[in-house]
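Take a look at the structure set out below.
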Amino acid sequence: MRILALTKAFFLALTLFISSYNSNAQATNITVKQDTKFEQLLNEKRKTNISNAINERYQIQIFSGESEKAKSTLNEFRQEFKDIDATIFFFTPNYKVWVGNFKTKIDAERNLIEIRKKYNNVHLIKPNK
């Protein structure tokens, strides 16, 4: 009985040794070729995700109304304030132009003072936390 148990243990150990000795099948290198447009698309998606972080950051609304006027307001804002992000959101029935993506309320209020000099009806948009 004891010899049978030792024999089983020996064959089990031998089997494990042999199977692990030749188990380097994953040692090859893989080269992936991807289109350069994929990287561009991914970067655009990242920018969109950052600029659409409505619930996490303060923004300033500079316009609410019809589509064409919203587009012209957005273009006008982008020409004057090149360092501040701006986008159009649609909330039935109006198009709204929101600018900025401020981490703190203090940053948003500082920019609100400057933007208010150019645009009359501006509002601070608080994040939903």
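Along the sequence shown, residues carry numbers from 1. Owing to the predicted nature of the structure, the values given are computational and were not obtained by experimental measurement.
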Which heavy atom of [X] sits nearest a heavy atom of [Y], and at what distance?
X    : Y    : result
A108 : L124 : CB-CD1, 3.4 Å
Y58  : K103 : CD1-O, 4.1 Å
L112 : V122 : CD1-CG2, 3.6 Å
V97  : A70  : CG2-O, 3.5 Å

Nearest-0.5 Å distance that lies between atom [atom1] in [X] and atom [atom2] in [Y]:
X    : Y    : atom1 : atom2 : answer
F81  : E114 : CZ    : CD    : 7.0 Å
D35  : K33  : CG    : NZ    : 13.0 Å
I115 : E80  : CD1   : CD    : 9.5 Å
R116 : E109 : CZ    : CD    : 9.5 Å
R78  : D85  : CZ    : CG    : 8.0 Å
Q79  : L74  : CD    : CG    : 10.0 Å

[Y] side chain reached by [X] side chain, heavy atoms, under 4.5 Å:
X    : Y   : result
Y119 : I60 : no
K118 : I62 : no
N101 : Q59 : yes

Checklist entry - Would D107 and R110 satisfy side chain to side chain contact (heavy atoms under 4.5 Å, CB included), going step by step from the backbone distance to the final call? => result CA-CA 5 Å; D107 290 338; R110 284 182 190 146; 3.6 Å; yes
Checklist entry - Out of F90, F89, F63, F77, which residue meets the ring pair (Phe, Tyr, Trp, His ring centres under 6.0 Å) rule with W98? => result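 Testing each of F90, F89, F63, F77 against W98, the sole residue satisfying ring pair (Phe, Tyr, Trp, His ring centres under 6.0 Å) is F89.
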